[in-house]
Structure formats: C-alpha cells, structure tokens
Amino acid sequence: MRRAVCPGSFDPITNGHLDIIARASKLYDVVHVAVMINQSKKGLFEIDERIELIRQVTADFGNVEVEAFHGLLVDFCKQRDIPAIVKGLRAVSDFDYELQMAQMNNGLSGVETLFVPTNPTYSFLSSSLVKEVAAWGGDVAHLLPPVVHEALVERLGEK
C-alpha cells in the first residue's frame with residue numbers, strides 16, 4: 001500500500017492545504033494528514049478542532065486519515081510505515097527551508113519528500129495571513145472551505 005503524509009499546523013486548513021492533500025490523495029493509497037502539536041504556540045483552534053475540520057473537508061477523498069503528532073515527523077512516519085512526505089511549495093523561499101528539512105529527514109530515516117508546486121491561485125496563501133485578514137474584517141471566504149470559514153468567523157467573533 002502506497003502511503004504518504006501531509007504535515008502541518010493547519011490553523012486553520014486553507015484551500016491551498018486542501019489542494020495539496022487532494023492531489024496527494026490521487027497519488028497514494030492512503031494520505032495521513034499529521035496535525036502538528038507545538039506546545040510553545042497557542043493556536044486559534046485547538047488541535048481537536050483542527051482535526052475535526054480537516055476530517056470534514058477531506059471526507060469525500062475516501063483515503064485520508066487525520067491525527068495529531070508532536071516530535072519528529074520521521075518518527076511519525078516510522079511508526080506508521082510511511083515512506084513519503086508530501087509538501088506544497090508556494091515560492092522559492094519555501095524551497096530553501098523545505099529542502100533542508102527534506103535532506104535532514106532523509107538522512108535520519110530514509111523518508112523521501114515529494115515537493116508539489118502550489119496551484120498559482122493559492123501561491124500567496126497561508127493560515128497566518130488568512131487569520132490576520134479575517135481579524136481585520138477582510139473577506140477570506142474564497143480562501144477556505146465553507147465549514148472552515150464559518151468556524152473562523154465564529155471564533156473571531158468570540159474574541
């Protein structure tokens with residue numbers, strides 16, 4: 001069975017993330033979406049909320065599994081017998097960082113990294129940017145799956 005992982009914080013998941021996951025789901029039998037737990041950062045959404053949102057927006061793919069992880073991504077991969085990491089690249093600046101990570105991961109465990117160029121429609125998109133624009137009242141509905149946009153608007157309304 002061909003398996004891959006798409007890692008990230010997904011706070012929240014954007015259409016850019018979803019595009020990469022959808023494309024990976026066509027290439028692999030099972031795609032694991034690994035939601036990173038960073039103890040030193042307080043996200044807008046709790047880990048369980050992120051997982052539930054991702055499960056909702058990827059349900060139609062039929063081959064996506066979503067779970068949290070902390071620690072080294074290569075350990076996540078080893079524990080689940082996942083030989084490949086799929087990462088989206090938005091710009092050259094992403095490549096510089098991601099290449100170093102890919103080389104380190106391969107050196108530590110032999111796990112390969114597949115770089116997927118981002119759809120140009122989403123080349124500027126990040127969760128941080130979406131949250132910032134939305135917090136100032138900007139319309140980000142076209143950048144998020146509808147259920148995620150609804151959750152974001154609701155969460156920002158609570159603050």
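Treat the numbers as computed from the prediction; the structure is a model and nothing was measured.
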Residues clustering with Val5 (ILVMFWY side chains joined when closer than 4.5 Å, directly or via others): Met36, Phe69, Leu73, Phe76, Ile82, Ile85, Val111
Non-hydrogen side-chain atoms of His17 and Ser127 separated by less than 4.5 Å: yes
Residue pair Leu89 / Pro117, side-chain heavy-atom distance below 4.5 Å: no
Verify same cluster id: Leu72, Met101 (apolar side-chain graph, 4.5 Å): no
Any donor-acceptor N/O pair, Glu52 side chain to Glu49 backbone, under 3.5 Å: no
Nearest heavy atoms of Ser9 and Val35, plus distance in Å: O-CG1, 3.8 Å
Joint hydrophobic cluster, Leu99 plus Val86, side-chain heavy atoms closer than 4.5 Å: no
Qualifying residue for side-chain contact (heavy atoms from CB on, under 4.5 Å) with Val148, from Leu143, Val153, Val57, Val140: Val57
Heavy atoms of other groups near Phe61 CZ, more than 12 under 6.0 Å: yes
Glu65 with Arg80: basic N within carboxylate O range, under 4.0 Å: no
Exercise: identify the closest heavy-atom pair between Leu144 and Ile13: CD2-O, 3.4 Å
Leu152 CG to Leu53 CG distance, which is reported to the nearest 0.5 Å: 10.0 Å
Any donor-acceptor N/O pair, Asp29 side chain to Arg2 backbone, under 3.5 Å: yes
Asn119 and Thr121: CA distance, side-chain angles, deciding distance, side chain to side chain donor-acceptor pair (under 3.5 Å) verdict: CA-CA 5 Å; Asn119 179 323; Thr121 304; 3.0 Å; yes
Short side-chain to backbone donor-acceptor contact, Asn63 and Tyr28, under 3.5 Å: yes
Heavy-atom side-chain contact between Phe115 and Thr113 under 4.5 Å: yes
Note, Met104 side chain near Leu108 side chain (heavy atom, < 4.5 Å): yes
4.5 Å side-chain heavy-atom contact, Asp96 and Gln100: no
For Lys78 against Ser109, the heavy-atom pair lying closest together: CE-CB, 3.8 Å
Joint hydrophobic cluster, Val133 plus Leu44, side-chain heavy atoms closer than 4.5 Å: yes
Check: Thr14 and Ser126 side chains under 4.5 Å, non-hydrogen atoms: no
Closest non-hydrogen atom pair between Ser25 and Ala22, with its separation: OG-O, 2.7 Å
Sidechain N-carboxylate O distance under 4.0 Å for Asp94, Lys87: no
Under 3.5 Å: donor-acceptor pair, side chain of Arg90, backbone of Tyr122: no
Side chains of Val66 and Phe10 in contact at under 4.5 Å (non-hydrogen atoms): no
Closest approach of Ile51 to Glu67 (non-hydrogen atoms, all atoms of both residues): CD1-C, 4.0 Å
Donor-acceptor contact below 3.5 Å, side chain Arg3 vs main chain Val31: no
Verify same cluster id: Val147, Ile54 (apolar side-chain graph, 4.5 Å): yes
Hphob cluster co-occupancy, Leu18 + Leu114, side-chain heavy atoms under 4.5 angstrom: yes
Any Glu112 side-chain heavy atom under 4.5 Å of Asn106 side chain: yes
